[in-house]
Amino acid sequence: QVQLVESGGGLMQAGGSLRLSCAASGRTLSSFGMGWFRQAPTKEREFVARISWANDITLYADSVKGRFTISRDNAKNTVYLQMNSLKPEDTAVYYCAAALYDRDWRRPDYWGQGTQVTVSS
């Protein structure tokens, strides 16, 4: 079992930056692809970014490309999401997810509980 705990969310003005962290316990993350998803009120959960388990290849949603950066520190068993140039439409609950060997990103193996990000205009 893997427990994922997100932190770093909060209230930020448009144009500002936040860094989200996802700390894992129970098992090393080195065998997991890691990702971030978000869900805004009344909307479906959507993919934001992910980083592969084997060679740190990253993938981003078009809406965040060039503004957000996902990274991982396997020694700390932690994944990060650096969010710059925040926009009000980035407001959502952000979830960390883990997929063993990136096997099925439609159904990640583990989810965190989420952290709220609110961007004011």
Side-chain angles (χ1 to χ4, degrees):
Q1 284 288 335
V2 174
Q3 293 78 43
L4 302 174
V5 178
E6 302 96 333
S7 61
L11 175 64
M12 178 58 63
Q13 286 190 328
S17 297
L18 283 172
R19 187 176 83 155
L20 305 183
S21 299
C22 172
S25 60
R27 188 172 171 180
T28 178
L29 290 183
S30 60
S31 300
F32 289 86
M34 299 299 298
W36 288 93
F37 293 75
R38 67 187 181 186
Q39 187 168 18
T42 74
K43 293 189 176 181
E44 297 282 324
R45 185 153 54 187
E46 64 176 4
F47 164 76
V48 174
R50 72 178 197 238
I51 185 166
S52 67
W53 75 276
N55 47 17
D56 289 353
I57 291 176
T58 57
L59 182 67
Y60 297 93
D62 287 344
S63 58
V64 307
K65 202 172 293 183
R67 300 188 298 122
F68 290 10
T69 302
I70 187 171
S71 61
R72 63 192 301 157
D73 186 337
N74 287 342
K76 295 183 178 180
N77 235 25
T78 300
V79 177
Y80 305 97
L81 185 69
Q82 178 68 43
M83 305 187 296
N84 299 329
S85 303
L86 283 163
K87 304 176 181 180
E89 51 264 43
D90 294 320
T91 295
V93 177
Y94 282 72
Y95 297 91
C96 176
L100 185 64
Y101 303 124
D102 290 301
R103 59 186 176 182
D104 188 353
W105 276 105
R106 295 167 299 175
R107 286 183 292 273
D109 294 276
Y110 301 101
W111 290 95
Q113 84 290 349
T115 185
Q116 176 71 46
V117 172
T118 303
V119 184
S120 63
S121 57

Worksheet entry | Thr28 side chain reached by Asn77 side chain, heavy atoms, under 4.5 Å | yes
Discussion item. The criterion is side-chain contact (heavy atoms from CB on, under 4.5 Å); which residues satisfy it with Ser85, sequence neighbours excluded?
Written reply: Arg67
Discussion item. Using only atom types and a distance under 3.5 Å, with no angle test, would you say the side chain of Gln82 pairs donor to acceptor with the backbone of Arg19?
Written reply: no
Practice prompt. Report the residues that fulfil salt bridge (charged side-chain N to carboxylate O under 4.0 Å, His left out) with Arg27, sequence neighbours left out, ordered by chain and then residue number.
Written response: none
Worksheet item: Applying disulfide bond (SG atoms under 2.5 Å apart), which residue pairs with at least one partner in residues 55-85 are found, sequence neighbours left out?
Response: none
Item to complete: Among residues two or more places apart or on two chains, list those pairs meeting disulfide bond (SG atoms under 2.5 Å apart) that have a residue in residues 42-82.
Response: none
Worksheet entry | Lys76 backbone acceptor or donor facing Thr78 side chain under 3.5 Å | yes
Item to complete: List the atom of Leu29, the atom of Val79, and the distance in Å for their closest heavy-atom pair.
Response: CD1-CG2, 4.1 Å
Fill in: CG on Leu81 to OG on Ser21, rounded to 0.5 Å
9.5 Å
Worksheet item: What residues, two or more places apart in sequence or in another chain, satisfy ring-ring contact (aromatic ring centres under 6.0 Å, His included) together with Trp111?
Response: Phe37
Fill in: Any donor-acceptor N or O pair under 3.5 Å, side chains Asn74, Ser30
no
Item to complete: Using a strict 4.0 Å threshold on nitrogen-to-oxygen distance, state whether Asp104 and Arg107 make a salt bridge.
Response: yes
Worksheet, complete the sentence: What one should report as the nearest heavy-atom pair of Met34 and Leu4 is CE-CD2, 4.2 Å
Response to the item:
Those residues at least two apart in sequence (or on a different chain) that pass side chain to side chain donor-acceptor pair (under 3.5 Å) with Thr69 are none
Let me have the donor-acceptor pairs involving side chains of residues 39-50, under 3.5 Å, with sequence neighbours excluded, atom names and distances please.
| unit_1 | atom_1 | unit_2 | atom_2 | d |
| --- | --- | --- | --- | --- |
| Gln39 | NE2 | Lys43 | O | 3.0 |
| Glu46 | OE2 | Arg38 | NE | 2.6 |
| Glu46 | OE2 | Arg38 | NH2 | 3.2 |

Discussion item. Looking at every non-hydrogen atom in both residues, tell me the closest pair between Val5 and Gln113 and how far apart they are.
Written reply: CA-OE1, 3.7 Å
Worksheet entry | Nearest non-hydrogen partners of Ser31 and Leu100, listed with the distance | O-CD1, 3.6 Å
Item to complete: Provide the full list of ring-ring contact (aromatic ring centres under 6.0 Å, His included) pairs with a residue in residues 50-83, sequence neighbours left out, each pair given once.
Response: Trp53-Tyr101
Worksheet item: Going through the checks in order, is the side chain to side chain donor-acceptor pair (under 3.5 Å) test met by Ser52 and Asp102?
Response: CA-CA 7 Å; Ser52 67; Asp102 290 301; 4.7 Å; no
Fill in: Closest approach of Ala98 to Phe32 (non-hydrogen atoms, all atoms of both residues)
CB-CD2, 3.7 Å
Worksheet item: side chain to side chain donor-acceptor pair (under 3.5 Å) with Ser71: which residues, sequence neighbours excluded?
Response: none
Fill in: Contact list for residues 41-120, test disulfide bond (SG atoms under 2.5 Å apart), sequence neighbours left out
Cys22-Cys96
Worksheet item: Where do Glu6 and Tyr95 come nearest, in terms of heavy atoms and distance?
Response: OE2-CA, 3.3 Å
Worksheet item: Do Arg103 and Asp109 have side chains that get closer than 4.5 Å, going by heavy atoms?
Response: yes
Worksheet item: Are the side chains of Val117 and Leu18 in touch, meaning some heavy atoms are under 4.5 Å apart?
Response: yes
Fill in: Shared hydrophobic cluster for Tyr94 and Val2 (ILVMFWY, side-chain gaps under 4.5 Å)
yes
Worksheet entry | Residues forming a side chain to side chain donor-acceptor pair (under 3.5 Å) with Asp56, sequence neighbours excluded | none
Worksheet item: Can you list every pair that meets disulfide bond (SG atoms under 2.5 Å apart) and has a residue in residues 32-78, with sequence neighbours left out?
Response: none
